[in-house]
Amino acid sequence: MKKTIPRPPRAKASRLQRANYKWIYLFLLPTVIVFAMFYVIPIAQVFVTSFTQWDGFNAPVFNGVRNYVNLFSSHSFLTALRNLFLWGLVAVFLHVGFGTLVAFVLFQRPRGWKFTRAVFMIPNVISAAAWAMIYRFIFNDDFGVLNGIIRIFDPDFSVQWFYKSPWAFWAVTFTWLFYAVIVTLIVLGDLLNIPTELTEAARIDGATGWQLIRCIQLPLCRGAIGTSIICSLTARISMYEQIALTTAGGPDYQTMSLPILLVNAITDYRYGYANAVGVLMFLIGLAVLYVVNRAFRMDESDY
Amino acid sequence: MNTVKKTATRALMYFVELFVIVLSVFPILWVMMSAFKTNGEILSDPLALPTAFSMDAFVYLFETYNFPLYFWNSLLAAGVSTLVSLLFYAMGAYVIAKFQFPGRQLLFILFTITLLVPGHSKTQPIFSLVTGLGLYDSIWGVTLVYLSAGMAMSIFVLKAGFMAIPKSLDEAAAIEGAGFVRTFWSINLPLAKSALATAGILMFLGNWNEYYFASLLTMSDSQRTLPIALAFFTSEFSYNYTNLFAALTVVILPGIILYAFAQEQVQASVAATGIKG
């Protein structure tokens with residue numbers, strides 16, 4: 001005979017809470033208004049008008065998938081996609097890799113680790129615009145630090161890093177490549193959360209330093225690494241200042257990014273086209289989240 | 001053998017530390033140092049120390065341009081938007097954390113998923129919205145846009161903060177006769193201090209440094225924030241490098257000073273957002 005297990009009664013709103021409904025929805029109202037005003041309506045608008053030709057003054061005219069067809073047959077867009085792909089690879093393997101390396105180094109608490117951690121944050125508390133400008137000067141041919149150092153050895157050396165192919169792409173990459181403090185802090189946070197019993201147990205079983213890192217610590221901070229990858233890929237999708245204030249997408253689109261394309265389209269009053277770029281940015285963002293979440297099994301708990 | 005390995009690891013660790021420090025500090029020191037050099041000195045030897053300590057460039061900048069105004073605009077846009085949105089999101093996060101009501105889970109998911117929307121993709125609608133409200137070329141238009149910036153992160157951090165406050169306190173407050181608003185304002189809000197600080201710091205930093213929307217939504221000198229003023233100077237002083245470096249110094253210094261005071265808190269805030277992973 002099957003025994004019926006009495007189910008726990010479904011948590012029902014108590015009378016007190018029901019009396020509070022008025023207040024509950026009132027408290028939610030400001031957030032809902034901001035959400036509608038800056039997310040729901042704009043996103044809907046972007047999606048709808050991406051299928052139109054629109055100059056912002058006259059009414060939008062429906063033109064099917066023309067904007068998308070134009071995008072995928074334009075040299076600038078395809079280069080921007082290729083750049084995003086390359087920058088994405090650099091971000092996942094080198095940027096997040098470097099940030100993780102620093103986190104593991106600081107976790108060993110070498111002398112000066114707190115100072116290093118504090119100082120590493122400085123480039124991130126400065127406006128990205130100012131940082132781009134600083135790098136524009138560092139890579140300047142006439143008075144930049146880099147060429148100044150190279151000229152000590154080779155007095156006739158001269159390269160305009162931000163304006164010459166193929167250097168421009170790598171010069172832009174360098175402005176963010178090693179500045180991975182967010183990655184470091186997130187990963188370090190996860191490392192500090194590993195229960196000490198776990199590490200102790202592994203040590204008693206004879207695990208050496210490298211084994212400890214490879215088999216215990218690295219797998220246990222995969223959530224943090226996954227989060228870092230999402231953050232840094234999202235930053236790549238919306239990379240603007242580092243490019244707009246250095247190369248402006250040149251030379252010959254070699255440093256083009258989607259936001260630069262989008263802004264260029266807006267200044268040309270091609271709003272439909274701009275919004276088609278917006279839709280694609282949005283979709284790429286969603287795809288990144290889905291893939292990384294899957295790859296790092298981030299919704300599973302370890303402890 | 002073992003000691004060799006150990007020394008090598010140690011050396012590697014110090015190398016990484018040194019690399020990080022040089023990469024983070026050197027560019028800034030170089031910019032500040034160059035602000036005290038003459039144009040000729042900058043061009044002839046970019047690495048040399050300044051020969052005379054001259055404040056001329058700074059004096060010129062402050063006499064010619066309204067730096068206190070740019071600073072004030074930045075402070076206004078970042079400060080007001082952070083305070084207002086912190087209150088909005090605290091209210092929202094509070095009811096999501098503490099009450100059962102239809103649509104609770106859905107709203108939470110919708111609010112936090114906004115993290116994934118690249119801000120730039122909404123450029124045109126937001127531009128049209130601000131223009132439609134008659135706030136184009138006004139610091140208030142920029143402030144309005146900043147309200148939406150930290151939504152996902154704030155709701156997430158604040159919800160966790162409110163959930164950590166025991167419900168028994170609310171019940172005790174109810175018995176004492178405190179109403180809904182009072183329970184929120186005098187009991188829960190003060191106890192969620194560290195979550196509020198985390199969300200507030202991250203939003204303020206982001207808005208203080210924001211460049212993209214500020215550059216699209218403002219035009220005139222009187223509405224410029226510090227990052228926008230900086231971009232304007234590069235075209236203005238294209239051949240006066242001393243002035244350029246001085247302007248850069250003036251723009252980045254307030255942020256660094258602010259950070260120096262709230263250093264631990266800023267780092268903890270960044271680390272706290274990672275826990276959601």
Side-chain angles (χ1 to χ4, degrees), chain A residues 11 13 17 20 23-24 27-28 30-31 34-35 38-39 42 45-46 102 105 108 110 112 116 118-123 125-130 133-134 138 142-145 148 178 182 185-186 189 223-224 226-227 237-238 240-241 245 259 262 266 271 274-275 278 281-282 285-286 289 298, chain B residues 13-14 16-17 20-21 23-25 27-28 30-31 42-43 46-47 88-89 91-92 94-95 99-101 107 110-111 114 116-127 147-148 151 180 205 209 211-212 227 230-231 234 241 248 251-252 255-256 259 263 266-267 270-271 274-277:
Chain A
Q17 282 182 348
N20 282 333
W23 283 112
I24 288 172
F27 264 49
L28 282 167
T31 311
V34 173
F35 179 65
F38 289 98
Y39 292 95
Q45 208 176 344
V46 165
V102 176
V105 166
Q108 310 298 323
T116 311
V119 157
F120 201 17
M121 186 73 202
I122 293 178
V125 298
I126 290 172
S127 158
M133 215 73 88
I134 291 176
I138 287 180
D142 297 321
F143 58 85
V145 172
F178 292 109
I182 310 262
L185 288 177
I186 293 176
T227 309
I237 297 171
S238 44
Y240 179 75
E241 286 90 342
L245 295 169
L262 195 152
I266 284 179
Y271 287 8
N275 286 347
M281 284 172 68
F282 182 67
L286 280 185
L289 178 85
M298 281 168 51
Chain B
M13 289 202 304
Y14 286 123
V16 170
E17 278 196 308
V20 166
I21 294 170
L23 227 49
S24 308
V25 177
I28 294 161
W30 179 66
V31 164
I42 291 172
L43 283 169
L47 297 166
F88 282 7
Y89 299 148
M91 288 161 65
Y94 171 69
V95 293
F99 297 91
Q100 292 291 335
F101 58 90
L107 279 178
L110 284 177
F111 291 157
T114 57
L116 303 171
V117 183
H120 302 72
S121 69
K122 302 172 298 173
T123 305
Q124 177 271 321
I126 286 183
F127 184 79
L147 277 186
S148 67
M151 176 185 257
F180 192 91
L205 262 180
N209 288 327
Y211 172 80
Y212 183 75
L230 180 65
T234 28
Y241 304 121
L248 252 176
V251 169
I252 60 181
I256 297 179
Y259 171 66
Q263 193 231 105
V266 172
Q267 290 171 31
V270 175
I275 295 167
K276 72 181 120 197

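Letters go in sequence order (proteins before strands), and every chain restarts at 1.
- With contacts defined as side-chain heavy-atom distances shorter than 4.5 Å, the pair B/Ile252/A/Ile134 qualifies.
- When B/Val95, B/Val25, B/Leu147 are compared by the number of non-hydrogen pairs under 4.5 Å with chain A, B/Val95 comes out ahead.
- At distances below 3.5 Å, at least one donor-acceptor pair connects side-chain atoms of B/Asn209 with backbone N or O atoms of A/Val125.
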Item checked: Verdict with supporting geometry, B/Ile256 and A/Ile122, side chain to side chain contact (heavy atoms under 4.5 Å, CB included) -> CA-CA 7 Å; B/Ile256 297 179; A/Ile122 293 178; 4.2 Å; yes

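- For a residue to count as touching a neighbouring chain, one of its non-hydrogen atoms must lie under 4.5 Å from one of that chain's; by this rule B/Tyr212 touches chain A with backbone and side chain alike.
- No part of A/Ala274 comes within reach of chain B, as not one of its non-hydrogen atoms sits under 4.5 angstrom from that chain.
- Taking the six-membered ring where the residue is Trp, B/Phe180 and A/Phe27 present perpendicular rings, their angle passing 60° and hence far from 30°.
- For the pair B/Thr123 and A/Pro259, the minimum side-chain heavy-atom distance is 4.5 Å or more.
- Of the listed residues A/Pro123, A/Ser238, A/Gly285, the one with more heavy-atom pairs under 4.5 angstrom with chain B than any other is A/Ser238.
- Heavy atoms of A/Ile182 lying under 4.5 Å from chain B belong to its backbone as well as its side chain.
- Residues B/Lys122 and A/Phe282 fail the side-chain proximity criterion, which asks for heavy atoms closer than 4.5 Å.
- Both the backbone and the side chain of B/Leu23 come within less than 4.5 Å of a heavy atom in chain A.
- In terms of heavy-atom pairs under 4.5 Å with chain A, the best-connected choice from B/Pro118, B/Gly255, B/Ala231 is B/Pro118.
- In this structure, the portions of B/Leu43 lying under 4.5 Å from any heavy atom of chain A include both its backbone and its side chain.
- Between A/Tyr39 and B/Met151 the shortest side-chain heavy-atom distance falls below 4.5 Å.
- If you measure heavy-atom distances from A/Asn275 to chain B, the contacts under 4.5 Å come from the side chain alone.
- In terms of heavy-atom pairs under 4.5 Å with chain A, the best-connected choice from B/Leu110, B/Ile42, B/Val266 is B/Leu110.
- For B/Leu107, the part lying near chain A is the side chain, with the backbone staying farther off; criterion is any non-hydrogen pair under 4.5 Å.
- In this structure, the portion of B/Leu248 lying under 4.5 Å from any heavy atom of chain A is its side chain and not its backbone.
- Interface summary for chain A: among B/Ser148, B/Gly92, B/Pro227, the most heavy-atom pairs under 4.5 angstrom belong to B/Ser148.
- A distance of 5.5 Å separates CG of A/Asp142 from OH of B/Tyr241, quoted to the nearest 0.5 Å.
- Contacts between B/Glu17 and chain A at a heavy-atom distance below 4.5 Å involve backbone atoms as well as side-chain atoms.
- Here the side chain of B/Tyr211 pairs no donor or acceptor atom with the backbone of A/Ala130 at under 3.5 angstrom.
- Listed options A/Ser127, A/Gly112, A/Gly278 were ranked by heavy-atom pairs under 4.5 angstrom with chain B; first place goes to A/Ser127.
- Inter-residue side-chain proximity for B/Tyr89 and A/Val34 is flagged as met; some heavy-atom pair is nearer than 4.5 Å.
- At least one side-chain heavy atom of B/Gln124 sits under 4.5 Å from a side-chain heavy atom of A/Gln45.
- Each of B/Phe127, B/Tyr94, B/Trp30 has some count of heavy-atom pairs under 4.5 Å with chain A, and the biggest count is that of B/Trp30.
- Only the side chain of A/Leu262 comes within contact range of chain B, with at least one heavy atom under 4.5 Å from a heavy atom of that chain.
- Of the options A/Ile138, A/Ile126, A/Val145, a side-chain contact (heavy atoms from CB on, under 4.5 Å) to B/Pro27 is made by A/Ile138 and by none of the others.
- Between chain A and the residues B/Thr114, B/Ile28, B/Val31, the most heavy-atom pairs under 4.5 angstrom are made by B/Thr114.
- Residues B/Val251 and A/Met133 form no side-chain contact, since every pair of their non-hydrogen atoms from C-beta on lies 4.5 Å or further apart.
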